[in-house]
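Everything numeric in this text was worked out from a predicted model, so none of it was measured. Chain letters run A, B, ... following the sequence lines, proteins first and then strands; every chain starts at 1. The figures here come from the full heavy-atom set of this structure, side chains too, leaving out hydrogens, waters and symmetry mates.
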2 protein chains.
Amino acid sequence: MIEYLGPKEEQILHAAMQVFVEKGRHGARMQEIADRAGVNKAMLHYYFRSKDNLYATIFRMVLGRYARQFRLSIDTSADVETILRRFIDGFLEMLNRHPRLPMFIVRELSEGGAIVGRVVGEMIEEGIFTVPRTMLHIIEERRDRGEIENVDDAVQFVVTLLGGCVYFFIAEPLIGVIFPMEENDRDAFVAARKEALFRHLYLGIKKRGDDS
Amino acid sequence: MIEYLGPKEEQILHAAMQVFVEKGRHGARMQEIADRAGVNKAMLHYYFRSKDNLYATIFRMVLGRYARQFRLSIDTSADVETILRRFIDGFLEMLNRHPRLPMFIVRELSEGGAIVGRVVGEMIEEGIFTVPRTMLHIIEERRDRGEIENVDDAVQFVVTLLGGCVYFFIAEPLIGVIFPMEENDRDAFVAARKEALFRHLYLGIKKRGDDS
DNA sequence: GTCTATATCTCGATAGAC
DNA sequence: GTCTATCGAGATATAGAC
């Protein structure tokens, strides 16, 4: 699975990732990738044949990092409150470090979702992209065990959770216009978001009368 | 404000809307718009000067419909439960009728958000795009009045609400892969989503011990 | 493996006849 | 107002010398 790449190849991949994530698949220019990698444009084709091929490589890479990074945030043995808290904290923290990631994926989804679907499907089979399903199973199990309530449909809960985490990073410019904020500080907003999202979601499924 | 357009102009706008919404700003081809409108390509430039100009016109149109349609869904005098329920129902219903709308806007956001920001800003000033702020004020007022609790930051609540509604329509292909469903029926999923989203969000802010 | 030069293609835009 | 023909920018991709 691990391939050993020459230094040029890695420089290209590094530059390509930056440019593709910033500009998107169509907005990216091979010339710019070459410039940033400090290599000749022809080299890109020598190593990666075509732009589409280079893009597909990058897409896998990026999604892989994405998946690996937030797989760490689940501890199956903890209680729901802790699991939810850590998941939201970890996920939002990761997104805050890579705020363009959601948009990168969404752009690709806007092309019809074929590539995303295929790559994610493969990653699920390979056990790399596991978190959403793990979360689903945890929620279902804890509900059946009586630890939480009001979760008729666990899939819906997880979708709300994921959307709650990701949405801000997609709609940020829009949110900035709709709700003008004094301090235009993303870090502060994300910190507040962690707290608020956890409370809204957890209080919705916490057992009533359980004020421990 | 209302301009009277010739029939050709309307045909072009109609076709342009379809193509831009389907393919996005860059994916759209002037040739395809002309073909679908049943006019010559040169006519597009005669009426709208440039592709960018045509796109901007369409973007305003689409966002305007969007805004107008979901402005209807708020009744300020009702209680929070009703308001929230109607908002979610109305919004999801509208999105279900126009499932490409969120992606259309998000694509434009991915270009940097300049156009979206400007257009939405203007619409807010013109009183067309009012719903999110209205929702915010309602939540704040009801919290201060003691009708709901656990809403330290009303902006965060509204962001969660909007994200909860919109996210599915953006990530649909991804969700389909992550959570394979027996019945691949969007209508059913959206119906379930209405119910689940309302419950999760409302139970999170409902007063404890208020089981009316 | 690397670089220059160029082929080839797509697409928005326009000139100019009618 | 409408159409045909074409320009020209900008991009990917490749040929071919070194």
Side-chain angles (χ1 to χ4, degrees), chain A residues 3-62 103-104 107-108 110-112 114-115 119, chain B residues 3-62 104 107-108 110-112 114-116 119:
Chain A
E3 293 175 31
Y4 296 94
L5 309 173
K8 278 264 168 66
E9 219 162 333
E10 299 212 34
Q11 287 167 36
I12 293 172
L13 285 174
H14 185 72
M17 190 164 86
Q18 287 185 354
V19 177
F20 276 128
V21 168
E22 265 176 45
K23 310 281 176 75
R25 179 184 195 163
H26 298 299
R29 297 291 161 236
M30 295 296 267
Q31 187 61 59
E32 186 175 357
I33 294 173
D35 290 347
R36 284 211 215 177
V39 305
N40 191 282
K41 195 175 54 154
M43 286 291 93
L44 304 188
H45 290 93
Y46 176 76
Y47 283 115
F48 295 95
R49 210 176 69 251
S50 71
K51 183 184 184 182
D52 274 358
N53 194 48
L54 179 55
Y55 178 80
T57 309
I58 295 297
F59 191 79
R60 255 165 230 278
M61 264 180 56
V62 171
M103 196 48 107
F104 177 66
R107 275 196 197 191
E108 193 48 46
S110 82
E111 304 290 327
I115 297 185
V119 172
Chain B
E3 293 175 29
Y4 296 94
L5 309 172
K8 279 261 168 68
E9 220 162 332
E10 299 213 35
Q11 287 167 35
I12 293 173
L13 285 173
H14 185 71
M17 190 163 85
Q18 286 184 354
V19 178
F20 276 127
V21 168
E22 265 176 46
K23 310 280 174 77
R25 180 186 193 162
H26 299 299
R29 298 292 160 238
M30 294 296 268
Q31 186 62 60
E32 187 176 356
I33 294 173
D35 290 347
R36 283 210 217 177
V39 306
N40 190 282
K41 193 176 60 149
M43 286 292 93
L44 303 189
H45 290 93
Y46 175 77
Y47 283 116
F48 296 94
R49 209 176 68 254
S50 71
K51 185 184 182 183
D52 274 359
N53 194 50
L54 178 55
Y55 177 79
T57 309
I58 295 296
F59 192 79
R60 255 166 230 276
M61 265 180 55
V62 171
F104 177 66
R107 273 195 200 193
E108 193 48 47
S110 82
E111 305 289 326
I115 297 184
V116 191
V119 173

Under 3.5 Å, side chain of [X] to main-chain N/O of [Y], donor-acceptor pair present?
X     : Y     : value
A/R36 : A/H14 : no
B/K51 : B/L44 : no
B/K8  : B/A37 : no

Heavy-atom pair of closest approach, residues A/I58 and A/L13
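Heavy atoms only, the tightest pair is CD1-O, 3.5 Å.
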Nearest to the side chain of A/N40, heavy atoms from C-beta on, is which of C/dT4, D/dT2, C/dA13?
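In terms of side-chain proximity for A/N40, the closest of C/dT4, D/dT2, C/dA13 is C/dT4.
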Nearest heavy atom decides the nucleotide; on that basis, is A/R29 or A/A42 closer to the 5' end of DNA chain D?
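It is A/R29, whose closest nucleotide lies nearer the 5' terminus.
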Just checking A/A34: base, sugar-phosphate only, or nothing, at a heavy-atom cut-off of under 4.0 Å?
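No contact at all - A/A34 keeps every heavy atom at 4.0 Å or more from the nucleic acid.
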Within the structure shown, what part of the strands sits under 4.0 Å from A/Y47 by heavy-atom distance: base, sugar-phosphate, or nothing?
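Here A/Y47 touches the backbone only, sparing every base.
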To the nearest Å, how far apart are [X] [atom1] and [N] [atom2]?
X     : N      : atom1 : atom2 : value
B/H26 : D/dT12 : NE2   : P     : 14 Å
B/E32 : C/dT10 : CD    : P     : 15 Å
A/M30 : C/dA7  : CE    : P     : 20 Å
B/Q31 : C/dC9  : CD    : P     : 18 Å
B/K51 : C/dT14 : NZ    : P     : 15 Å
B/L44 : C/dG12 : CG    : P     : 10 Å
B/K23 : C/dC11 : NZ    : C1'   : 14 Å
A/K41 : D/dT14 : NZ    : P     : 12 Å

[N] phosphate, OP1 or OP2: any side-chain N/O from [X] under 4.0 angstrom?
X     : N      : result
A/Y46 : C/dC3  : no
B/K8  : D/dT2  : yes
A/H45 : D/dA13 : yes

Can you label the angle between the B/Y55 ring and the B/F104 ring as parallel, tilted or perpendicular, going by 30° and 60°?
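The rings of B/Y55 and B/F104 sit tilted, inter-plane angle from 30° to 60°.
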